[in-house]
Amino acid sequence: MRLNADFTRRVVIRPDDSPWQASPSPGVTRRLLDRVGDEAARATSLVRYAPGSVFPEHAHPDGEEILVLDGVFSDHRGDHGPGTYLRNPDGSRHAPRSEGGCTLFVKLRQFQQGDDEAVRIDTLSGEWRPGLVPGLRVMPLHSFGTQHTALVDWAPGTVFQPHTHWGGEEILVLSGQFEDEHGVYPAGSWLRSPHLSRHAPHAPQGARILVKTGHLDEDFLKRWAA
């Protein structure tokens with residue numbers, strides 16, 4: 001499968017644009033955002049566990065990155081509540097489950113070579129830092145090489161200057177409404193902008209977003225162009 005697999009193109013998926021689909025595990029459904037491969041794929045997805053669902057034990061070649069959006073997600077490392085950010089490096093294994101149900105944002109097989117740090121951050125108690133413009137707060141989550149992942153909180157009325165994204169940018173709108181000159185993106189929207197894309201974002205109503213930058217550079221494009 002190749003879904004939104006031309007990484008030189010801008011992609012926007014709003015909450016009602018794609019359906020939930022069954023996974024191989026009963027009670028676990030997915031909204032596919034981008035994908036290269038079949039069941040073993042380089043993939044970005046929203047994943048929903050119904051109460052009591054269990055996914056069979058499996059390994060994570062090239063890593064797994066998770067943000068728990070709601071509910072409690074569990075594995076051998078413990079229970080991970082809403083707002084938990086997880087990184088499971090290349091070679092890690094787990095048998096995930098959810099007693100009460102949960103929704104996750106998941107990225108598979110997207111770690112850079114040498115990025116082998118296991119990460120667990122409770123963003124509900126994490127430290128916010130001042131952003132580059134008034135009204136902006138940032139919570140860094142992970143950096144390695146050219147890649148940077150963070151939560152960014154926009155107070156109502158915040159405007160950011162026009163800028164270019166070396167290595168591209170990926171955004172999941174967690175709450176509020178994010179906007180730029182290309183459109184309006186309510187909570188649940190996912191945006192992927194390519195290497196050297198440019199925009200002037202703002203949030204008239206306020207927003208909180210998960211942002212990843214620097215991961216769609218020229219080396220990445222050479223690897224996944226075929």
Side-chain angles (χ1 to χ4, degrees), residues 13-21 23 25-34 43-55 58 60 63-89 92 94-108 110-111 117-129 131 136-143 147-156 158 170-178 185-192 203 205-213:
I13 299 178
R14 293 178 174 84
D16 297 328
D17 288 349
S18 63
W20 290 95
Q21 302 179 25
S23 79
S25 183
V28 180
T29 55
R30 303 179 292 202
R31 286 183 61 208
L32 308 182
L33 303 176
D34 69 25
T44 303
S45 311
L46 294 170
V47 180
R48 179 179 290 167
Y49 281 68
S53 298
V54 177
F55 206 92
H58 56 279
H60 286 297
E64 177 188 50
E65 182 177 15
I66 294 172
L67 180 66
V68 182
L69 302 178
D70 62 50
V72 177
F73 175 71
S74 302
D75 62 11
H76 67 283
R77 295 167 65 182
D79 298 328
H80 317 293
T84 304
Y85 174 75
L86 300 165
R87 292 181 69 86
N88 298 316
S92 60
H94 67 169
R97 63 192 186 280
S98 182
E99 182 176 344
C102 65
T103 307
L104 315 173
F105 177 68
V106 180
K107 297 180 70 65
L108 297 174
Q110 299 181 44
F111 283 26
E117 181 184 6
V119 175
R120 184 185 189 279
I121 298 173
D122 178 4
T123 67
L124 298 186
S125 59
E127 178 185 355
W128 290 97
R129 302 178 185 177
L136 209 65
R137 299 188 303 164
V138 178
M139 185 184 298
L141 299 176
H142 184 73
S143 294
Q147 297 188 11
H148 304 280
T149 303
L151 292 180
V152 182
D153 194 66
W154 298 65
T158 302
E170 186 176 340
I171 291 173
L172 179 68
V173 183
L174 301 174
S175 63
Q177 184 167 283
F178 183 71
Y185 318 104
S189 299
W190 177 78
L191 302 78
R192 195 189 70 208
Q205 301 178 30
R208 181 167 294 180
I209 61 177
L210 175 69
V211 181
K212 191 177 189 71
T213 60

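The two atoms that bring P82 and L124 nearest to each other are O-CD1, 3.3 Å, heavy atoms only. The two residues L46 and W20 come nearest to each other via the heavy atoms O-CZ3, 3.5 Å. Taking all atoms of both residues into account, the shortest heavy-atom contact from V211 to V152 is CG2-CG2, 3.9 Å. Minimum heavy-atom separation, A150 to P140: CB-CA, 4.0 Å. Closest non-hydrogen pair, Y49 versus P96, comes out as OH-CG, 3.4 Å. The nearest pair of heavy atoms linking L108 to Q110 is O-CG, 3.1 Å.
The side-chain contact (heavy atoms from CB on, under 4.5 Å) test applied to S18 returns I13, R31, not counting sequence neighbours. Evaluation of the side chain to side chain donor-acceptor pair (under 3.5 Å) rule for R87 yields E65, Y85, D115, H142 as partners, not counting sequence neighbours. Legend: residues meeting side-chain contact (heavy atoms from CB on, under 4.5 Å) with R208, ordered by chain and number and at least two apart, are W128, R137, D153, L174, S175. Taking R48 as the reference, nothing meets the salt bridge (charged side-chain N to carboxylate O under 4.0 Å, His left out) condition, with sequence neighbours excluded. Taking the side-chain contact (heavy atoms from CB on, under 4.5 Å) definition, one finds that P15 meets it with P186, S189, sequence neighbours left out.
With rounding to the nearest 0.5 Å, the separation of CZ in R30 from OG1 in T44 is 12.5 Å. Here the straight-line distance linking atom CD of E99 with atom OG of S74 works out to 7.5 Å at 0.5 Å rounding. Distance check, rounded to the nearest 0.5 Å: CZ of R14 to CH2 of W190 gives 13.0 Å. To the nearest 0.5 Å, atom CG of residue L141 and atom CD1 of residue I121 are 5.0 Å apart. The distance from atom CG of L191 to atom CG of L172, rounded to the nearest 0.5 Å, is 9.0 Å. Expressed to the nearest 0.5 Å, how far SG of C102 lies from CG of L69 amounts to 9.0 Å.
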Legend entry - Test side chain to side chain contact (heavy atoms under 4.5 Å, CB included) applied to T123 and M139, step by step: CA-CA 8 Å; T123 67; M139 185 184 298; 3.7 Å; yes
Inset, instruction - Show the numbers, then the answer: is there a side chain to side chain donor-acceptor pair (under 3.5 Å) between E170 and T213? - result: CA-CA 6 Å; E170 186 176 340; T213 60; over 6 Å; no
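By the 4.5 Å heavy-atom criterion applied to side chains, E64 and V106 are counted as neighbours. Side-chain atoms of Q147 and K212, non-hydrogen and from C-beta on, do get closer than 4.5 Å to each other.
Annotation for Q177: atom CD counts as buried by contact number, over 12 foreign heavy atoms lying within 6.0 Å.
For the pairing with F105, the side-chain contact (heavy atoms from CB on, under 4.5 Å) check across L33, V68, I66, V47 returns one residue only, L33.
Under the 30°/60° scheme for interplanar angles, the aromatic rings of F73 and H80 are found to be tilted.
Applying the salt bridge (Lys or Arg N to Asp or Glu O under 4.0 Å) rule to pairs touching residues 70-86 yields nothing, sequence neighbours excluded.
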